[in-house]
Amino acid sequence: MTKGFLVFFTRRSILKAVLAALPAHCAARDLGQLASPAQGTVPVDGARAFLADQVRLLPGSPFYVRQELHRNGVLASYDPDKLLYPYRALAKLPQKEGVESGYDGWDNGFLRGHMAGHYLSAAARMAVATDSRLFRDRVNYLVGELAACQRSLNLDGYLAAFSTAAFDQLEGKPGADAGGIGAPYYTIQKIMSGLLDAHAYVGNKQALVVVTRMADYFGKRLAALDAAQIDRMFRTDGNRNPPNEFGAMSDVLTELFKIGKDPRHLAAARLFNRAWFVGPLAEGEDRLGSLHANTHIAQAVGLANYANAHGNPEALKASENFWRLVVHRHSFANGGNSFNEWFDQPGTEAGPSIDDRKVLPPTTGETCNTHNMLKLTARLFERNRRAELADYYERALYNHVLASVAPDSGAVTYFTPLHGDFRTYLNGSFCCSGSGIENTARYNEGIYFHKDASLWVNLYIPSELSWREAGMLLRQQGDITRGDAVRLSVVKAGASAVTLNLRIPAWVAKPVTVRINDKPQGVDAKPASYLSFRRQWKAGDVIELTLPAGLRLEQARDVSSMVAIFHGPVLLAGELGKDNMPASDVGDKDAFLKVAAAPVPDIVSASGNPADWLAPLPGDPSAFRIKDAGPANGIVVRPLFDLHHQRYSVYWRLRKDT
């Protein structure tokens, strides 16, 4: 912690800031709970995900292919000096020779400078996930140059690519001109998160100094505001696209608290957990309809992290209920959510939508939303190791996040259409461009969790885990999307007994089998549960797990005749060709929204079992051809993450053949 924090974020200013965040009738009562864990609250002593520095992806999965594509291509192609351009311009520092501008698009517009934060988060992870000196050097370079910008600005720790006038306008100061900056705290959060990731993964100590000085500045700024100003600034339910979207500020400030244990960081985080949002959620109320989805998913991420660090019962309930409402009432078959960035009314899926009453328009499934839902799910798993959470994580990771990356170029998408349309691959610096470059570097995280001497294997992705604290090296092989068994090999065993908890997915279609060192194990493996094996493992031990996949249908919540087809964990999409597609499918996120969708033929069959009208495609265990099913006959369906650069559908109308 820096001395500046003690100067600017005094006890008096903390009191003022926290009181400003609360309704007047409860400020005094709740103040003690907000600064630090108080009597009656217990921080969550939960499991932790193994991060990218302890998990290495191995060849043999689509995750490895896309991560390598970004490591060698998309992520490597960014120029750090172009990312720094708007920061140096504001700080009046010289630009590097030959660099005459930053990146076009949102990074030069209302989210000016956000890509530098995303890039730090992505590059820091990629550096350790792939043992890349290139990305380690780039992270250290970016941090050093951002620190120079912060010093040159000389504004008590302020650092951004835009002036403080953006915050003056947000706070309602007369005559303030934000200069086109639409969501200043959103971008600040990306920068702060990137700096914290540079510290956590690459070990850059300067990054922690820079981000703490930023917290000093904004702590002082918020402390100077009264309750009405803060409530107006952070009220994000007034329209569908709030101009004051503030991202996961609560999350980044909570992370800072977890590093230094300074209660003032946790108090600052609490300012962004608004009573109007938290209270109804804690009661289980669904008021999400018409809200901008990613604005509030990011808030829920921060709320969940704050709740784990603090133990506040209301925050714990609210973050859990938010996840439950989104997953069970507001999500599509692929785990994504939102129409044209908004939550619709509960239960809306395949019927008329909030997007001009269109049915499954091309604006479904913003990628940023699911990026943040995975973060939220991981936070909830920390406190409660429920297989349901890991089942959702797998669904959304395979069928939305993975599917948002083109396997030939590594280009990423903003929306994921689901009915007769095609993807648009982004050519600018949109929010989903930023989360998109982070996603591939985050594939390593979420596979394994640990607590004490227990290990949870949540995802079946070929990888190698170095559990340094336990002295264990575990190698996982087998691609379950192609019918492989899972093979877990103990390469190095620790000195103590370890419990391995193996997730049995909800989608298993037949009894699961387990063999340890080629000996069958008598197991009662229920779907959506864990199998546990505790022993003193030895180097050379091998656990083989079979997870039989089957074909199944899932009905839309609001239109029972509309179905999606799954094979095990994988959502299948039908190939519908390239008719009426542009010559290039790369462009602005909205470039092709007015191009009419292709008609999606009905599936007509007397059977609701897709195995009766899907025939395996020879040579490809993950693909099938529709047969004996009326208008849809002959269409090939394959994993959505494998189907790109053409029209497709994942929702089908199933009509009974009578």
Side-chain angles (χ1 to χ4, degrees), residues 5 8-36 156-158 160 162 164-176 178 181-189 192 214-239 242-254 256-257 262-282 287 291-292 295-296 298-303 305-307 310 312 314-315 318:
F5 190 89
F8 296 127
F9 219 115
T10 63
R11 186 179 301 275
R12 181 177 179 183
S13 66
I14 287 290
L15 173 62
K16 186 175 181 181
V18 174
L19 288 174
L22 296 168
H25 70 276
C26 66
R29 179 195 59 181
D30 288 351
L31 178 59
Q33 294 184 21
L34 300 180
S36 60
D156 296 343
Y158 182 77
F162 47 85
T164 57
F167 295 96
D168 292 339
Q169 185 182 74
L170 186 63
E171 293 165 5
K173 293 181 180 177
I181 302 302
Y185 273 109
Y186 175 97
T187 302
I188 291 299
Q189 181 254 299
M192 292 179 73
M214 292 178 73
D216 299 350
Y217 174 86
F218 288 105
K220 179 184 178 182
R221 186 155 197 142
L222 290 169
L225 305 177
D226 61 30
Q229 286 176 296
I230 287 184
D231 190 59
R232 179 184 58 79
M233 284 168 50
F234 297 151
R235 189 90 194 201
T236 51
D237 61 342
N239 56 52
N244 54 337
E245 181 178 0
F246 52 80
M249 281 297 297
S250 181
D251 182 61
V252 73
L253 289 164
T254 299
L256 199 53
F257 162 76
D262 191 312
R264 288 168 290 192
H265 292 141
L266 200 60
R270 172 61 180 84
L271 296 175
F272 294 90
N273 299 331
R274 307 308 300 163
W276 62 265
F277 182 60
V278 177
L281 283 171
R287 300 186 184 181
L291 292 184
H292 184 254
T295 293
H296 298 90
Q299 289 183 37
V301 171
L303 180 63
N305 198 9
Y306 168 87
H310 181 281
N312 178 273
E314 184 181 46

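By the 4.5 Å heavy-atom criterion applied to side chains, F272 and L222 are counted as neighbours. Under the 4.5 Å side-chain criterion, counting only non-hydrogen atoms from C-beta, W276 is not in contact with F234. No side-chain heavy atom of E314 sits less than 4.5 Å from a side-chain heavy atom of L281. Put simply, the side chain of D168 reaches to within 4.5 Å of the side chain of R221, judged on heavy atoms.
Nearest heavy atom pair, residue G247 against residue A298, reads C-CB, 3.6 Å. Contact detail for E245 and A183: the closest heavy-atom pair is O-CB, 3.4 Å.
A distance-only check finds a donor-acceptor pair linking the side chain of Q229 to the backbone of D226 [under 3.5 Å]. Here the side chain of R232 pairs no donor or acceptor atom with the backbone of A227 at under 3.5 angstrom. Between the side chain of S250 and the backbone N or O of A269, at least one donor-acceptor pair lies under 3.5 Å. In this structure a side-chain-to-backbone donor-acceptor pair under 3.5 Å is present from N244 to R235.
For an aromatic pair to be called close, the ring centres must be under 6.0 Å apart, and Y158 with Y217 satisfies this. Note: F218 and F167 meet the aromatic proximity criterion, with ring centroids under 6.0 Å apart.
Remark: the Q299 side chain and the T236 side chain contain an N/O donor-acceptor pair separated by less than 3.5 Å.
Every residue meeting the side chain to side chain contact (heavy atoms under 4.5 Å, CB included) condition with R287, not counting sequence neighbours, appears here in chain and number order: P280, E285.
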From CA spacing to verdict: side chain to side chain contact (heavy atoms under 4.5 Å, CB included), R274, D231: CA-CA 8 Å; R274 307 308 300 163; D231 190 59; 3.7 Å; yes
